[in-house]
Amino acid sequence: MARNRKVAWQVLAPGCAAVIAAGWMWLALRSPNDASKPAAEGLVRVGMPAAAASASPVPAPAAMANLPALPDTVIAHVRRDYPLLTEVDFRCDAGGCAVTATIPPPTDDAFLKQRQEMLLGGLARTVVADGYTMLGPVQMDEVAFNVFHIRASVTRARGQGR
């Protein structure tokens with residue numbers, strides 16, 4: 001029996017040495033780029049049709065053009081379009097947002113024409129271009145003889161801004 005063990009070791013020892021040498025050779029000859037390759041890239045989902053996978057909804061980023069203008073921008077545009085107005089303001093409170101201003105007494109026919117154009121839709125076009133919608137007609141209160149305070153209620157529009 002002792003002889004059989006000796007023969008077994010004589011056969012197994014060179015076989016084990018060959019396996020160990022092959023392992024060392026594989027480690028030594030392996031290129032360094034093989035280790036840096038990722039195992040897999042992307043996501044694989046089994047059981048889902050390819051058409052459904054490619055049509056997954058991706059939320060669109062909010063476009064800057066759809067955001068309403070800041071209050072200071074609205075005030076500047078109203079002043080630019082209607083220099084006849086004084087005390088132009090844009091405020092939001094519990095009752096909503098509004099553009100307010102004062103119309104001084106008319107000075108000539110051009111002033112009256114511009115005031116009429118503003119009240120009949122011009123102011124609405126200005127605030128729409130800034131991303132707001134007027135909620136109704138311009139409200140006017142006479143605060144002194146031929147001096148009017150106006151208020152145009154507005155809300156954010158779903159359209160485009162400037």
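Side-chain N or O atoms of His149 include one that pairs as donor or acceptor with a backbone N or O of Ala101 at under 3.5 Å.
For Gln114 against Pro83, the heavy-atom pair with the smallest separation is NE2-CD, 3.6 Å. Of all the heavy atoms in Leu112 and Pro106, the pair that sits closest is CD2-CB, 3.5 Å. Nearest heavy atoms, Ala152 versus Met134: CB-CE, 3.7 Å. The two atoms that bring Thr73 and Asp130 nearest to each other are O-OD2, 4.2 Å, heavy atoms only.
Residue pairs meeting the salt bridge (Lys or Arg N to Asp or Glu O under 4.0 Å) criterion with at least one member in residues 97-117, sequence neighbours excluded: Glu117-Arg125. Residue pairs meeting the side chain to side chain donor-acceptor pair (under 3.5 Å) criterion with at least one member in residues 132-141, sequence neighbours excluded, do not occur.
Using a 4.5 Å cut-off between side-chain heavy atoms of Ile, Leu, Val, Met, Phe, Trp and Tyr, with links allowed through other members, Tyr82 and Met140 fall into the same hydrophobic cluster. Note on Val128: it does not cluster hydrophobically with Ile75, by side-chain heavy-atom contacts below 4.5 Å among ILVMFWY residues.
Listed by chain and number, the residues in a side-chain hydrogen bond (donor to acceptor under 3.5 Å, both in side chains) with Ser153 are Arg151 (sequence neighbours excluded). Applying the side chain to side chain contact (heavy atoms under 4.5 Å, CB included) rule to Leu120 yields the partners Gln116; only residues at least two apart in sequence or on another chain are considered.
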Side-chain donor-acceptor contacts of residues 85-95 below 3.5 Å, not counting sequence neighbours, with atom names and distances?
unit_1 : atom_1 : unit_2 : atom_2 : d
Thr86  : OG1    : Thr102 : O      : 3.3
Glu87  : OE1    : Thr102 : OG1    : 3.2
Asp89  : OD2    : Arg91  : NE     : 2.8
Asp89  : OD2    : Arg91  : NH2    : 2.9
Asp93  : OD1    : Gly95  : N      : 2.9
Asp93  : OD1    : Gly96  : N      : 3.3

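The other residues sharing a hydrophobic cluster with Val147 are Val143, where clustering joins ILVMFWY side chains under 4.5 Å apart.
Note that CG of Leu123 is 5.5 Å distant from CD1 of Ile150, once rounded to the nearest 0.5 Å. Taken to the nearest 0.5 Å, the OG1 atom of Thr126 stands 7.5 Å off from the CZ atom of Arg80.
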